Novice: 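Could you have a look at this structure, given as structure tokens, before my questions?
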Amino acid sequence: MGIRKRISLFQSGGALRRFPDSMSSQVRVRFAPSPTGMLHVGGARTALFNWLYARHTGGVFVLRIEDTDRARHVEEAVQVILDGMRWLGVGWDEGPEAGGNHGPYFQSQRGEIYERYLGKLREAGHVYQDEAGATRFRLPRQPVEFVDMVCGRNYVDRSKTTTPTGEPEADMTIRRPDGSWIFHFVNVVDDIEMEITHVIRGEDHLSNTPKHIELYRAFGVEPPRFAHIPLILNRDGSKMSKRDQGAGIGNYIEQGYVPEAVRNYLCLLGWSPKDDREKLDIEEVIRLFDPEKINRKAAQFDIEKCNWLNAQYIAAMEIEKFADAAIPWIEKAGIRFGSRDALLPVLALIKEKIKQLPEVPGWIGYFFTDEYPYELETVEKTLRKPGALDRLKQIADAYSMVESWDAAALESKLKETAVSLGCKPAEFIHPARVAVSGRGIGPSLYHMLEVLGKTRVLARFQGTIERFRA
RNA sequence: GACCCUAUCGUCCAGUGGCCUAGGACACUCCCCUUUCACGGGAGUAACACGGGUUCGAAUCCCGUUAGGGUCACCA
């Protein structure tokens, strides 16, 4: 369909040049967020796709901060972006805190470069100052055509563009009267200076692209390849805005999501490996990634599926890594678990049961205190049943004789006891579970008892009997 | 308003003229496993926006309509 076919954008030869001083074969992509105080999931995915393409091609991923609005202290806002990207595992090769040969990587520090480029336009007669003192770029108003790696061929007759009121489009402002720069100009200048070969960005820029191409032409530089990726929508199809729950990567960090899971989910929004796999190693994604295979349709963000992947990642975690991830949440909940060694067997018991890290404390509290609460409803359904406490006593007696305190022995002992007393195992299992944990649900009873240990189990059986005997 | 992009189950993807009585995943329902809860296994509900063409044949190509999104800024 001709997408791969390079079309000639320039009628006359002229002084077209492309990256005069470098080997031109290496892919250079960039993510150019403005520091707004959050890293939006849409932006995060844009960064991710750029990163994937760089990794796929062995290219370079540049991070550039578009802070032309030289507004107040953006330092924290920048940090939010850097933190979010690092958390996601999307690292940059050039940019803030990474350095590189194309810096500075903050637009607020690139004034001289912009002056220089403005000079070029001025010499060529492309700009003028309007009555208000702003610098404007004389729009060529020629047809513009380009082939987008995602959206395909785009043709726009720039002589026909109008304002909302139907007037012809005004010449583009590139510098405000106060000397500050406008996005379109600095964006193009930076992409030229940073030798960006592929611009992968949100679809909201698709309609801006002809404008940018006009600028490239004015500079006599061949534009990079463009790939406009569709936007991310809310679950109800509305546009995801900054305020929407889950719109910021910060939310996922705070809620204890597994970064690899979120990254995996983001990969799957608008892209797929073309087979039925959902959980994919990032290396595999890098291997398969192709911008031309990105969907053209805006995708709705489905937190349910993200949650599912999160649970998949947790279930697949090594126990040590799971402990690393869970411990902050356990500490935050005020659970004093003593040593890591004491914690690991407990975590092993519940790892497959939980879907989110913040759930962990709720599952393990009773392992580390004897002051665990009893769920009222569960108590009613089990311990208050006629004979329940008697059976608890019977199993306690039976267990007091057990010498090798392991799950298998405990299971056979319980079943044996049930049979000898003419009861169903369940009539012992449920009271026993509630007695040692206060809860109706939890890990496998026998494994739980094993980890708890004989002394504590027998004490809890006894304590529960006394407590509810009254 | 003009211009641009998009249109397959509720959602995310597969599908590039015949393999489609449209496939997978999430969610939902049911069953099995488990005498807890999950996991897992099995089954089920559910879609080609609409209307015209082109073709022996269309989810796939073309046109129109409708719907959604985007851009037209001294915001990025």
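In this text, all values refer to a predicted model and were calculated from it rather than measured experimentally.
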Novice: So if I take every side-chain heavy atom of A/Arg433 and compare against B/U36, B/C37, B/C12, which nucleotide ends up nearest?
Specialist: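 Comparing B/U36, B/C37, B/C12 against the side chain of A/Arg433, the answer is B/U36.
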Novice: Within the structure shown, what part of the strands sits under 4.0 Å from A/Asp204 by heavy-atom distance: base, sugar-phosphate, or nothing?
Specialist: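 Contact class for A/Asp204: sugar-phosphate only.
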Novice: Looking for any heavy atom pair under 4.0 Å, which part of the strands does A/Asn295 touch: base, sugar-phosphate only, or nothing?
Specialist: sugar-phosphate
Novice: Using purine N1 to pyrimidine N3 plus N6-O4 or O6-N4 for Watson-Crick, or N1-O2 and O6-N3 for G-U wobble, both under 3.5 Å, which nucleotide pairs with B/C12?
Specialist: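 Paired with B/G24.
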Novice: Can you measure from SG (A/Cys267) to CG (A/Leu280) and round to the nearest 0.5 angstrom?
Specialist: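 The SG atom of A/Cys267 sits 8.0 Å away from the CG atom of A/Leu280.
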Novice: In whole angstroms, how far is the P atom of B/U36 from the CG atom of A/Leu414?
Specialist: 13 Å
Novice: Given A/His212, which of A/Phe219, A/Phe185, A/Phe137, A/Phe183 fulfils the ring-ring contact (aromatic ring centres under 6.0 Å, His included) condition?
Specialist: A/Phe183
Novice: From the set B/C39, B/A14, B/C72, return the single nucleotide nearest to any side-chain atom of A/Asn208.
Specialist: B/C72
Novice: Measure from CG on A/Asp171 to P on B/C72 and round the result to the nearest Å.
Specialist: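 It is 15 Å, rounded to the nearest whole Å.
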Novice: Once you round it to whole Å, what is the distance between C1' of B/G69 and NE2 of A/His205?
Specialist: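 Rounded to whole Å, this separation is 15 Å.
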Novice: Identify whether any heavy atom of A/Ser444 sits under 4.0 Å from a base atom; if not, whether one sits that close to sugar-phosphate; answer base, sugar-phosphate or nothing.
Specialist: base
Novice: Just to confirm, is there a sub-4.0 Å distance from OP1 or OP2 of B/U11 to any side-chain nitrogen or oxygen of A/Asn234?
Specialist: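 It does not, given that no N or O in the side chain of A/Asn234 lies less than 4.0 Å from OP1 or OP2 of B/U11.
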Novice: Check the distance between B/C4's P and A/His212's NE2 and give it to me in whole angstrom.
Specialist: 18 Å
Novice: Under 4.0 angstrom, heavy atoms only, what part of the nucleic acid is A/Gln300 near: base, sugar-phosphate, or nothing?
Specialist: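 The answer is sugar-phosphate, as A/Gln300 gets under 4.0 Å only of primed atoms, P, OP1 or OP2.
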Novice: Could you state the CD-P distance from A/Glu377 to B/C37, rounded to the nearest angstrom?
Specialist: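 The distance from CD of A/Glu377 to P of B/C37 comes to 14 Å, rounded to the nearest Å.
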Novice: Using a cut-off of strictly less than 4.0 Å, decide whether A/Lys274 has a side-chain nitrogen or oxygen near OP1 or OP2 of B/G15.
Specialist: yes
Novice: Does a nitrogen or oxygen in the side chain of A/Thr36 sit under 4.0 Å from OP1 or OP2 of B/A76?
Specialist: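 False: A/Thr36 side-chain N/O out of range (4.0 Å or more) of B/A76 OP1/OP2.
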Novice: Of the nucleotides B/C12, B/A76, B/C72, which one has an atom closest to the side chain of A/Gln107?
Specialist: B/A76
Novice: Take a 6.0 Å sphere around NZ of A/Lys279 and say whether it holds more than 12 heavy atoms from other residues, nucleotides or ligands.
Specialist: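 Yes, because the 6.0 Å sphere around NZ of A/Lys279 holds more than 12 heavy atoms from other groups.
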Novice: Identify whether any heavy atom of A/Pro210 sits under 4.0 Å from a base atom; if not, whether one sits that close to sugar-phosphate; answer base, sugar-phosphate or nothing.
Specialist: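 Nothing, no heavy atom under 4.0 Å.
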Novice: Taking only side-chain N and O atoms of A/Arg296, does any of them lie within less than 4.0 angstrom of OP1 or OP2 on B/U6?
Specialist: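 Checking A/Arg296 against B/U6: at least one side-chain N or O falls below 4.0 Å of OP1 or OP2.
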Novice: What I want to check is whether the side chains of A/Tyr399 and A/Thr417 have a donor and an acceptor closer together than 3.5 Å.
Specialist: no
Novice: Between A/Tyr366 and A/Phe368, does the ring centroid distance fall short of 6.0 Å?
Specialist: no
Novice: CG of A/Asp276 versus P of B/A22: gap in Å, rounded?
Specialist: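 Distance check: A/Asp276 CG to B/A22 P gives 16 Å.
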Novice: What's the closest nucleotide to the A/Glu304 side chain, out of B/C13, B/C74, B/C26?
Specialist: B/C26
Novice: With respect to the side chain of A/Glu278, which nucleotide from B/A7, B/A76, B/A25 is positioned closest?
Specialist: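 For the A/Glu278 side chain, the nearest candidate turns out to be B/A25.
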Novice: What is the distance from CG of A/Leu309 to P of B/C13, rounded to the nearest Å?
Specialist: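 Between P of B/C13 and CG of A/Leu309: 13 Å.
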Novice: Considering only B/U36, B/U6, B/A76, which nucleotide approaches the side chain of A/His184 most closely?
Specialist: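 The answer is B/A76.
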Novice: Kindly point out which of B/A73, B/A38, B/C5 is positioned nearest to the side chain of A/Thr163?
Specialist: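 Output: B/A73.
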Novice: When the C1' atoms of B/C39 and B/U6 are compared, how many Å lie between them, rounded to an integer?
Specialist: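 Comparing C1' positions in B/U6 and B/C39 gives a spacing of 39 Å.
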Novice: Name the closest nucleotide to the A/Ser207 side chain, picking from B/C4, B/A76, B/G1.
Specialist: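 Looking only at side-chain atoms, A/Ser207 lies closest to B/C4.
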Novice: Base, sugar-phosphate, or nothing: which does A/Ala315 touch, judged by heavy atoms less than 4.0 Å apart?
Specialist: nothing
Novice: Verify the contact: side-chain N or O of A/Lys353 to OP1 or OP2 of B/U36, cut-off strictly under 4.0 Å; return yes or no.
Specialist: no
Novice: Base, sugar-phosphate alone, or nothing: which one does A/Pro273 contact when heavy atoms must sit under 4.0 Å apart?
Specialist: nothing
Novice: Taking the same atom, C1', in B/G70 and in B/C62, what whole-Å distance lies between them?
Specialist: 25 Å
Novice: As an exercise, state the distance from CD1 of A/Ile229 to CG of A/Leu206, rounded to the nearest 0.5 Å.
Specialist: 12.0 Å
Novice: Considering heavy-atom distances to RNA chain B, does A/Ser272 or A/Glu169 have its closest nucleotide positioned more toward the 5' end?
Specialist: A/Ser272
Novice: OP1 or OP2 of B/C3 less than 4.0 angstrom from a side-chain nitrogen or oxygen of A/Thr161, does that happen here?
Specialist: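 For B/C3, OP1/OP2 do not have a side-chain N/O of A/Thr161 under 4.0 Å.
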Novice: Should B/C56 form a Watson-Crick or G-U wobble pair with both distances under 3.5 Å, which nucleotide is its partner?
Specialist: B/G18
Novice: Between B/U6, B/A27, B/A76, which nucleotide gets closest to the side-chain atoms of A/Trp308?
Specialist: B/A27
Novice: So, is A/Lys351 close to the B/C39 phosphate, meaning a side-chain N or O under 4.0 Å from OP1 or OP2?
Specialist: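 For B/C39, neither OP1 nor OP2 has a side-chain N or O of A/Lys351 closer than 4.0 Å.
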Novice: Please report, rounded to the nearest Å, how far the P atom of B/G10 is from the CG atom of A/Leu233.
Specialist: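 It is 17 Å, rounded to the nearest whole Å.
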Novice: Do the side chain of A/Lys305 and the base of B/A25 come within less than 3.5 angstrom through a donor-acceptor pair of N or O atoms?
Specialist: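 Such a pair exists between side chain and base.
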Novice: Within the structure shown, what part of the strands sits under 4.0 Å from A/Gly166 by heavy-atom distance: base, sugar-phosphate, or nothing?
Specialist: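 If one applies the 4.0 Å heavy-atom cut-off, A/Gly166 turns out to touch nothing in the nucleic acid.
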Novice: Heavy atoms only, 4.0 Å cut-off, all strands: where does A/Gly270 land among base, sugar-phosphate and nothing?
Specialist: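 Since only primed, P, OP1 and OP2 atoms lie under 4.0 Å of A/Gly270, the category is sugar-phosphate.
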Novice: Does any donor-acceptor pair link the side chain of A/Thr165 with the base of B/G1 at a separation under 3.5 Å?
Specialist: no
Novice: Answer with base, sugar-phosphate or nothing: what part of the nucleic acid does A/Glu167 contact at a heavy-atom distance below 4.0 Å?
Specialist: nothing
Novice: Assert yes or no for the condition that the ring centre distance of A/His198 to A/Phe49 is strictly below 6.0 Å.
Specialist: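 Between A/Phe49 and A/His198, which both carry aromatic rings, the centre distance is not below 6.0 Å.
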Novice: Hey, does the side chain of A/Gln312 come within less than 4.0 Å of B/G40's phosphate (OP1/OP2), counting only N and O?
Specialist: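 For B/G40, OP1/OP2 do have a side-chain N/O of A/Gln312 under 4.0 Å.
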Novice: In Watson-Crick or G-U wobble terms, both distances under 3.5 Å, what is the partner of B/U65?
Specialist: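 Its partner is B/A49 (Watson-Crick or G-U wobble, both distances under 3.5 Å).
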Novice: Is the positively charged end of A/Lys305 above the ring of A/Tyr265, judged by distance under 6.0 angstrom from the centroid and angle within 45° of the axis?
Specialist: no
